[in-house]
Amino acid sequence: MKLLNRSGLMLQPCQPYLDWINDLPTEVSELEQPLAPGALDGESRVYLIAEFEPDQSLGSLLSEQWQALFENELSAWDELGLHWPEAMSQELLQRWFEIKPLALAFDAETQPLMTATL
């Protein structure tokens, strides 16, 4: 097992994100019916970030990368960004997602880490 020189942020979708998905035009979301409450439970994503000190605030951890994180989450449903919120902010990201800081990251796999630039 290898300790990575990264920390993490885990984003779990909350109801406002689900509401936004359900409000997307069908041709964008490709949903045949609205997602039910809880449909995105277990759909957390982990973003590796620079290592941080345990006493750092969530706001300071998000300050530089909140927009990239938010855009990545939104593009999962609306790649072209035609229906993204006009007033995107760090505060809106924190309303749409429960965000948990993860101080340490380990690579438990023996295979080399594959990376791809998005």
> Got a sec: does the CD of E86 have more than 12 other heavy atoms crowding it under 6.0 Å?
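Check fails, neighbour count at 12 or below.
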> According to a hydrophobic-cluster definition based on side-chain heavy atoms being under 4.5 Å apart (Ile, Leu, Val, Met, Phe, Trp, Tyr only), do F97 and L102 belong together?
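Looking at the clustering, L102 is in a separate group from F97.
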> When you measure from the side chain of N72 to the backbone N and O of A76, does any donor-acceptor pair fall under 3.5 Å?
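Checking the backbone N and O of A76 against the side chain of N72, no donor-acceptor pair under 3.5 Å is found.
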> Take W77 and L31, measure what side chain to side chain contact (heavy atoms under 4.5 Å, CB included) needs, and give me the verdict at the end.
CA-CA 10 Å; W77 290 93; L31 292 173; 4.0 Å; yes
> In the single-linkage hydrophobic clustering (I, L, V, M, F, W, Y; side-chain heavy atoms under 4.5 Å), do M1 and L4 co-cluster?
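No, because M1 and L4 fall into different hydrophobic clusters, even though each may have its own neighbours under 4.5 Å.
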> Among L48, I49, V46, whose side-chain contact (heavy atoms from CB on, under 4.5 Å) with L9 holds?
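Checked L48, I49, V46 against L9; only one passes side-chain contact (heavy atoms from CB on, under 4.5 Å): I49.
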> Look at the side-chain heavy atoms of Ile, Leu, Val, Met, Phe, Trp and Tyr, link any pair under 4.5 Å apart, and say whether L69 and M10 land in one connected group.
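No, L69 and M10 fall in different hydrophobic clusters.
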> Can you check whether F70 and W84 have ring centres sitting under 6.0 Å from each other?
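They do not qualify: ring centres at least 6.0 Å apart.
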> Could you tell me if Y47 and E73 have a donor-acceptor pair between their side chains, going purely by distance under 3.5 Å?
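Short answer, yes.
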> Could you walk me through whether L58 and Q94 pass the side chain to side chain contact (heavy atoms under 4.5 Å, CB included) test, one step at a time?
CA-CA 10 Å; L58 180 59; Q94 289 181 259; 3.5 Å; yes
> Tell me the closest heavy-atom pair linking Q56 and L61, and the distance in Å.
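Nearest pair, atom of Q56 first, then L61: NE2-CD2, 3.8 Å.
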> Measure the CH2-CE distance between W96 and M88 for me, rounded to the nearest 0.5 Å.
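So the gap between those two atoms works out to 9.0 Å.
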